[in-house]
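As structure tokens, the structure follows; a few thoughts come after it.
As the structure lists them, so they are numbered: ligands from 1, and atoms in each ligand from 1. Values below: every heavy atom of this structure, side chains too, minus hydrogens, waters and symmetry copies. From a predicted model like this one, the values you see are computed outputs, not experimental measurements. Along the sequence shown, the residues carry numbers beginning at 1.
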Amino acid sequence: MKFFIDTANLSQIAEAQSLGVLDGVTTNPSLMAKEGIKDSSSILDHYRKICEISDGDVSAEVISTDLNGMIEEGEKLAALHPRIVVKIPMIKDGVKALKYFSEKGIRTNCTLVFSAGQALLAAKAGATYVSPFIGRLDDVSTDGILLIRQIVQIYGNYGYETQVLAASVRHPMHIIQCAEVGADVVTCPLNAITALLNHPLTDIGLEKFLADYRKSVS
Ligand code: G3P
């Protein structure tokens with residue numbers, strides 16, 4: 001399973017990259033706004049910087065909601081760097097844009113997916129990645145992981161190549177459950193990735209090993 005970091009914060013991306021387990025980056029307009037990136041030229045610059053400090057695919061989201069706008073913006077984003085993946089919302093014109101980009105060989109990530117039907121449409125339109133938002137489903141008492149399981153099964157039934165990218169991942173258990181049900185990718189905040197490191201028995205065990213070593217050499 002690939003690990004993407006879901007942020008536009010350059011120092012968090014660099015920290016995740018330095019761990020050696022990072023496979024890519026996803027962003028969205030809210031995450032860009034959080035970093036204070038506002039006008040369109042700073043947005044493009046920021047995507048370039050993200051590509052420079054990370055190795056894998058970088059999802060860059062369009063703001064337009066009409067087909068022509070999405071095409072114009074998406075082509076500009078894709079031209080920035082070969083690892084840019086154009087992020088397109090799951091709306092009617094978005095499906096048309098996914099098809100357009102897939103025919104042009106431009107890779108896409110279909111975002112704001114909350115149902116298996118939407119995921120099926122994204123795959124049929126040739127999306128490279130589909131992003132079901134599991135945390136936001138959990139927030140409304142709907143099982144986000146169940147949706148990942150369904151999509152993985154449906155794509156497997158028909159051999160769709162679209163990769164299931166679990167998004168809106170909030171904590172380490174989400175990551176583990178995504179791995180159990182066969183998600184291709186999880187995108188998560190840095191603290192969810194680093195939380196996987198933690199176990200009190202590791203800390204206690206290390207303390208004892210070091211204490212025993214110190215006793216033996218004193
Ligand atoms: O990138 C989209 C998604 O990961 C957002 O997560 O926590 O705002 O629901 P969240």
Applying side-chain hydrogen bond (donor to acceptor under 3.5 Å, both in side chains) between S131 and each of T111, N109, T187, report the one that passes. N109

Close-contact set for ligand 1 against [X] heavy atoms, below 4.0 Å:
| X | value |
| --- | --- |
| D6 | 1 (O), 2 (C), 3 (C), 4 (O), 5 (C), 6 (O) |
| K87 | 1 (O) |
| F133 | 2 (C), 3 (C) |
| A167 | 4 (O) |

Is a salt bridge present between [X] and [Y], judged by a nitrogen-to-oxygen distance below 4.0 Å?
| X | Y | answer |
| --- | --- | --- |
| K208 | D203 | no |
| R48 | D45 | yes |
| R107 | D57 | yes |

Is any side-chain heavy atom of T194 less than 4.5 Å from a side-chain heavy atom of L196? no

With Y100 via side chain to side chain contact (heavy atoms under 4.5 Å, CB included) - residues at least two apart: I71, E75, K104

Provide, to 0.1 Å, the distance between [atom] and the closest protein heavy atom, together with that atom's residue and name.
| atom | result |
| --- | --- |
| atom 7 (O) of ligand 1 | R170 NE, 2.9 Å |
| atom 8 (O) of ligand 1 | R136 NH2, 2.8 Å |
| atom 6 (O) of ligand 1 | S168 CA, 3.3 Å |

Would you call N28 a ligand 1 contact, heavy-atom distance under 4.0 Å? yes

Heavy-atom distances under 4.0 Å decide this one: backbone, side chain, both or neither, for E61 against ligand 1? neither

Could you label the plane-to-plane angle of the Y160 and Y158 rings as parallel, tilted or perpendicular, counting under 30° as parallel and over 60° as perpendicular? tilted

